[in-house]
Amino acid sequence: MDRGLYDFARGLFRRPQFKPTVAILYVCFAASLWKTAILPTTGFVPGTYRIVFAFVLFGLVPVGIVRFVFREKLADYGLCLGDLPIALRSILIMTPLMLLLGYFSGCDKNFLAVYPLNPAIRPGASGAIFALHLTTYLLYYAGWEFLFRGFLQKAMEPQNGAPTAILVQTLASTMLHYGNPPSEVFGAILGGLFWGFLFFRTRSLLAGFVQHTSLGFTLDYYLVYGE
């Protein structure tokens, strides 16, 4: 092997570069696997596999990496209340905007090609099934926020600084929206930047999780029950 290539490969996994390398490589793998996986598409229970798969890939596995590979506290990666007053103020101010965005997006039937993530939930679905669907959605958004704003951003921050960490996780999360309606793709840029800063400011995933979830819930509701 070329000596320069060998030194480069070793350098990727030397401290303090170790955490950013592991985080970036894992996010590439997890996002690609989730985006390309062929999963069941008929029936409510099989349809939840895509959501549960996201929770495992985006949430449980990175949690395991933080605890057993990085050997760090999950609270340092956003699984805590953090600066609760700022988080609550952000929730109160921004959640109504998320509901409004969800409404306008739900009026665009182009989103039906992508959402709801469970393909068994279509326009006219029963209220009980839809409520169960929203419950499973909590897993999806918990995993999504932890992977990008917690795991990736926090792993990169000490070595690269907060601005770079926020930009990189925004790039990664935006790319996972490719193929969705253009308004969502461009909106993902703003969302990544805002929720990344919010995590940096509060040191918690709480506010971003509540706001992102409220957007997804509202979008699905108007796709399923809107006129």
Side-chain angles (χ1 to χ4, degrees), residues 31 34-35 41 44 47-48 50-55 58-59 78 84 86-150 166 169-199 201-202 204-227:
W34 185 76
K35 192 73 171 181
T41 58
F44 177 80
T48 64
R50 186 169 182 79
I51 295 172
V52 174
F53 195 38
F55 179 64
F58 298 171
L84 190 56
I86 293 179
L88 291 177
R89 283 200 299 270
S90 178
I91 290 171
L92 290 174
I93 294 170
M94 296 303 297
T95 299
L97 176 60
M98 296 300 109
L99 299 178
L100 190 62
L101 289 174
Y103 166 73
F104 284 115
S105 298
C107 293
D108 181 357
K109 298 311 176 185
N110 290 322
F111 278 86
L112 278 171
V114 182
Y115 300 105
L117 283 178
N118 187 334
I121 308 298
R122 305 314 295 170
S126 73
I129 291 296
F130 185 74
L132 186 58
H133 162 66
L134 294 187
T135 302
T136 66
Y137 244 16
L138 294 172
L139 299 177
Y140 171 74
Y141 285 108
W144 183 284
E145 288 301 314
F146 185 78
L147 180 70
F148 293 110
R149 260 64 81 174
I166 292 172
Q169 66 82 11
T170 298
L171 172 65
S173 60
T174 298
M175 291 180 68
L176 201 53
H177 287 84
Y178 286 178
N180 295 5
S183 60
E184 182 181 5
V185 177
F186 286 102
I189 301 173
L190 298 177
L193 292 172
F194 177 72
W195 289 321
F197 173 77
L198 197 55
F199 168 72
R201 183 64 182 84
T202 65
S204 170
L205 296 171
L206 175 63
F209 169 73
V210 172
Q211 293 165 18
H212 202 173
T213 301
S214 65
L215 174 60
F217 279 16
T218 309
L219 169 63
D220 277 12
Y221 176 84
Y222 283 104
L223 287 175
V224 173
Y225 298 112
E227 293 296 334

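Fair warning: this is a prediction, and the values are worked out from it, not measured in the lab.
When all heavy atoms are compared, the tightest approach of Val224 to Arg122 is CG1-O, 3.6 Å. Considering all non-hydrogen atoms of both residues, Pro96 and Ile93 come closest at CD-O, 3.6 Å. Across all non-hydrogen atoms, the minimal contact from Phe209 to Leu138 is CE1-O, 3.7 Å. Smallest separation of non-hydrogen atoms from Tyr225 and Ser126: OH-O, 3.3 Å. Taking each heavy atom of Ser183 and Phe111 in turn, the nearest pair found is OG-CZ, 3.5 Å. Considering every non-hydrogen atom in both Asp220 and Pro116, the closest pair reads OD2-CB, 3.3 Å.
Rounded to the nearest 0.5 Å, atoms OG1 (Thr170) and CD1 (Ile189) are 9.0 Å apart. To the nearest 0.5 Å, atoms CZ (Phe148) and CG (Leu205) are separated by 12.5 Å. The CG atom of Leu101 sits 5.0 Å away from atom CE of Met98, with the distance rounded to the nearest 0.5 Å. Atoms OG1 and CG, on Thr95 and Leu100 in that order, are 12.5 Å from each other to the nearest 0.5 Å.
Contact check for Leu134 versus Phe130: side-chain heavy atoms found under the 4.5 Å cut-off. Two residues are said to be in side-chain contact when any heavy atoms from C-beta on lie closer than 4.5 Å; Gln169 and Phe199 fail this criterion. Contact of the Leu147 side chain with the Trp34 side chain is not registered, since no non-hydrogen atoms from C-beta on lie closer than 4.5 Å. The shortest side-chain heavy-atom distance between Arg149 and Leu198 does not fall under the 4.5 Å cut-off. Here the side chains of Asn180 and Tyr115 are in contact, with some heavy-atom distance below 4.5 Å. With a 4.5 Å cut-off on side-chain heavy atoms, Leu206 and Leu84 count as touching.
Ring planes of Trp144 and Tyr140: tilted class, angle from 30 to 60°.
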Just do the side chain to side chain contact (heavy atoms under 4.5 Å, CB included) check on Thr218 and Tyr221 with the steps written out, would you? CA-CA 5 Å; Thr218 309; Tyr221 176 84; 5.6 Å; no

For the pair Phe58 and Leu176, evaluate side chain to side chain contact (heavy atoms under 4.5 Å, CB included) and give the outcome as yes or no after the intermediate values. CA-CA 12 Å; Phe58 298 171; Leu176 201 53; 3.9 Å; yes

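Val210 pairs with exactly one of Leu88, Ile91, Leu215 by the side-chain contact (heavy atoms from CB on, under 4.5 Å) rule, that one being Ile91. Applying the side-chain contact (heavy atoms from CB on, under 4.5 Å) test between Asn110 and each of Asp108, Leu112, Val114 identifies Asp108 as the sole match. A side-chain contact (heavy atoms from CB on, under 4.5 Å) with Asn118 is found for one member of Thr48, Thr136, Ile129, Leu132 and no other, namely Thr48.
Atom OH of Tyr103 has 12 or fewer neighbouring heavy atoms from other residues, nucleotides or ligands inside a 6.0 Å radius.
The stretch residues 206-215 participates, sequence neighbours left out, in these side chain to side chain donor-acceptor pair (under 3.5 Å) pairs: Ser90-Gln211, Glu145-His212, Trp195-Gln211.
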